[in-house]
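The structure presented is a predicted model; accordingly, all values stated were derived computationally and were not measured. Chain letters run A, B, ... following the sequence lines, proteins first and then strands; every chain starts at 1.
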Number of protein chains: 2
Amino acid sequence: MSDTTIKNMEEFAVVSGISRPTLSKYFNDPESVRQSTKAKIEAALELHAYRPNMYAMNQNRRSTRNIGIIVPFLADPFFAEIARNIENLVINEGYRPILLSSHGDPRQEVENLISLRDIKPAGVLLAPLGRASNIAEVGELCSEFPTVLFDCNIESLNHAFVGHNNTQATDIMVDYLVRTGEPPVYFEMKKPPNPNANKRRLSYINSMERHGLEPSIFSVDGESWNFEEIGYSRGKELISSKDITNGTVLFTNDRLAIGFLAAAYEMGFRVGRGNGCALRVAGHDNHPYSRFTCPALTTVSHDYDAISRTSVMRLFDLLENREGSNPTDEQLFPGKLIMRDSA
Amino acid sequence: MSDTTIKNMEEFAVVSGISRPTLSKYFNDPESVRQSTKAKIEAALELHAYRPNMYAMNQNRRSTRNIGIIVPFLADPFFAEIARNIENLVINEGYRPILLSSHGDPRQEVENLISLRDIKPAGVLLAPLGRASNIAEVGELCSEFPTVLFDCNIESLNHAFVGHNNTQATDIMVDYLVRTGEPPVYFEMKKPPNPNANKRRLSYINSMERHGLEPSIFSVDGESWNFEEIGYSRGKELISSKDITNGTVLFTNDRLAIGFLAAAYEMGFRVGRGNGCALRVAGHDNHPYSRFTCPALTTVSHDYDAISRTSVMRLFDLLENREGSNPTDEQLFPGKLIMRDSA
DNA sequence: CAATTTTTCTTACGCGCGTAAATTTTTTAA
DNA sequence: TTAAAAAATTTACGCGCGTAAGAAAAATTG
């Protein structure tokens, strides 16, 4: 590497012997110039470290290569994993992911949407908070930039969406539980932050009725994203009051189940499907920690890979051809039963 | 809101009746203009939605208001929490946090450092991967931008650092365990990705010797960040081979302990300090999930709040006054014993 | 080899804003 | 009321790059 510091494209044009407009072309797409000049440029690049100024580039570009990614709660390993997947896919497309978390707070979500506008993203991948989301703001964003919703749909927007088939997933779980033991009662939050919970509850009810069984639902208080805490404290109450002492409990999501398992353990109730187990417990999501609960949690997994891959793919469809694949399509991927020791 | 769309500061100057240079001043610091003009501007802002183009701003500014934040592994709720704290503090200072995760991969860490350069951050808060970090690259970044390291120091850089007092924290845990039961054996990874682990091991050894006890260490294989998996599988092996059947086990970190607890549970070993418990288990970090293990995990907490607050504070010290508070200082905050049921 | 196509070069302008200098206006102090 | 200080205005240039248009050079074709 040489000692001369190149501070702009003009200077790099001099040392590389390539004109600035051609360099500009190269940096926007290395394949758009002749092989021989590409080679020259890259040779010069080896000698004189230079990178175009991102702000100057994006100022004039019709479109930046930024892709906004908003998830509702990054401290949840579930979303952290999905975000990580999506980030990598976006990078592989030669774009620049900007990851933002709403931290479970609708105001933060709106803040994030505003931040995104500053960044003038080429497109955005948005997993909305759901029930609490500011639908008007989200709708505006969707019409402002090419956007794909994932994980949680806002149906009134009638916008491109890819996610998990909550109905089918709950269904196979109920089937499994009914087939292998006591039919499940259902444990959920009265006001779930995420509307997927509604789909899951309905699916539970339908499945139970299809089996000729009476649905039974515990709707507990709690509004935040502290699911483990809610599962733990409400679970303890229900066990104390003898509302739950045996049988099978199906939880809206793994995190509630994780909290409940802690409560059951603490109160001396053995969970599992073996002899001497009072309770069976099942979750939903295949949370990264569900393998390490005591006992390991039986759950339904999302098709993480298909969902993230398809979200990104559909976004780039939008970017390249706005008329392309039906932009209001909802695309769902089936869940997969993960049998472990808890049920 | 009016129907006229303002597309740049020039146009906004016309409709607001304020000159462009004054507007520029206002947007860089609303308090830098007279109250009366500030009021006029904000009145106009109500009528004509306008936001300065971020790219054009940052292109010419001596310094952007971007603050880069790099954490080693965002899918770990531990870092997710810290990152969330820091983000909020940065926003409160009127800056713009850019959060990047290295996903446990040193190459990704270098990628992140390079990405940061593009963004021309005013400053950066970096929690390095540690042992695997590319020290040369990190060092360059430190000299290029005002930087504060946190969580994990790279001592050879001799750079501003704020973190957890691993030595003291391990010490109080060993004290507690020795005082209340069997002295602990130590469980760690042979090649821990994070060098804090070395401090903890040394502290364990010292503490034990101070008590006149023989240190005993299990160094298990495994190099990745799948700590739970490692704790689980290695734990199962050690229990099977009867290397661990009773007594007290102190783990380098909570995530290893979480995995081990799952293994112990599966193999029918009861953990806790009550009667009928074969094993006591203790962790380190006060991981967000450590409250919900079976049994709840006794651990040592970082002073999350002080660490994130101080990191941000010291970065802004650097920003405002490069000569200020000794930039090579290492600042440690003591850990706090969290007694729960596992030990 | 000439004719055609493709690529590069030269020239020039614009993006939206920061910022400096000189001037004018407004506010504050005396 | 007047002088001094503070703030706003006008004017003008620059940041680093995108991009358009016409000329020139290089590669491809027959």
(message) Just verifying a value: how many Å separate E11(B) CD and Y50(B) OH, rounded to the nearest 0.5 Å?
(response) 9.5 Å
(message) If I take atom OH in residue Y26(B) and atom C1' in nucleotide dG16(C), what distance separates them, rounded to the nearest angstrom?
(response) 19 Å
(message) Let's see if you get this right: which residues in residues 8-15 of chain A place a heavy atom under 4.0 Å from DNA chain D?
(response) N8(A), M9(A)
(message) Output the rounded distance in Å from OH (Y55(B)) to P (dG18(D)).
(response) 14 Å
(message) Suppose we screen for side-chain contact (heavy atoms from CB on, under 4.5 Å). Which residues come up paired with S308(B), at least two apart in sequence or across chains?
(response) N85(B), I86(B), L89(B)
(request) Determine the contact category for N58(B): base if any of its heavy atoms lies under 4.0 Å from a base atom, sugar-phosphate if only primed atoms, P, OP1 or OP2 are that close, otherwise nothing. (result) nothing
(message) Tell me every residue that passes ring pair (Phe, Tyr, Trp, His ring centres under 6.0 Å) with Y26(A), counting only those two or more places apart in sequence or in another chain.
(response) none
(message) Starting the side chain at C-beta, find the nucleotide from dG18(C), dC17(D), dG16(C) nearest to S24(B).
(response) dG18(C)
(message) On DNA chain D, compare the nucleotides closest to M57(A) and R62(A); which residue's is nearer the 5' end?
(response) M57(A)
Taking distance alone, no hydrogens or angles, what donor-acceptor pairs closer than 3.5 Å link side-chain atoms of residues 73-81 of chain A to residues at least two apart or in another chain?
{"unit_1": "D76(A)", "atom_1": "OD1", "unit_2": "F78(A)", "atom_2": "N", "d": "2.9"}
{"unit_1": "D76(A)", "atom_1": "OD1", "unit_2": "H287(A)", "atom_2": "NE2", "d": "3.4"}
{"unit_1": "D76(A)", "atom_1": "OD2", "unit_2": "R255(A)", "atom_2": "NH1", "d": "2.8"}

(message) With a cut-off of less than 4.0 Å, is there a side-chain N or O of N28(A) near OP1 or OP2 of dG18(D)?
(response) yes
(message) Quick test of your reading: applying ring-ring contact (aromatic ring centres under 6.0 Å, His included), list the pairs with at least one residue in residues 115-137 of chain A, sequence neighbours left out, ordered by first then second residue.
(response) none
(message) Rounded at 0.5 Å granularity, tell me how far CG in L125(B) sits from CD1 in I82(B).
(response) 11.5 Å
(request) Specify the residues of residues 112-122 of chain A, ordered by number, for which at least one heavy atom lies under 4.0 angstrom from an atom of DNA chain C. (result) none
(request) Write down the distance between NZ (K40(A)) and C1' (dT7(C)), rounded to a whole number of angstrom. (result) 11 Å
(request) Tell me, please, which residues at least two apart from Y95(A) pass ring pair (Phe, Tyr, Trp, His ring centres under 6.0 Å). (result) F316(A)
(request) Any chance you could list the contact pattern along nucleotides 5-14 of chain D? Use B for base contacts, S for sugar-phosphate-only contacts and - for none, protein heavy atoms under 4.0 Å, 5' to 3'. (result) --SSBBBB-B
(request) Tell me, please, which residues at least two apart from K25(A) pass salt bridge (charged side-chain N to carboxylate O under 4.0 Å, His left out). (result) none
(message) Taking side-chain contact (heavy atoms from CB on, under 4.5 Å) as the definition, give me every residue that meets it alongside N153(A), ordered by chain and number, with sequence neighbours left out.
(response) L149(A), E155(A), F161(A), E330(A)
(request) Check side-chain contact (heavy atoms from CB on, under 4.5 Å) between R61(B) and all other residues, then give those that pass, not counting sequence neighbours. (result) N28(B), M57(B), N58(B), R65(B)
(message) In this structure, how many angstroms lie between the P atom of dC17(D) and the CZ atom of R65(A), rounded?
(response) 17 Å
(message) In whole Å, I'd like the distance from the CD atom of Q59(A) to the C1' atom of dC17(D).
(response) 8 Å
(message) Applying side-chain contact (heavy atoms from CB on, under 4.5 Å), can you list everything that pairs with D29(A), at least two apart in sequence or on another chain?
(response) E31(A), S32(A)
(message) So, does R61(A) get its side chain near the phosphate of dG16(D), meaning an N or O under 4.0 Å from OP1 or OP2?
(response) no
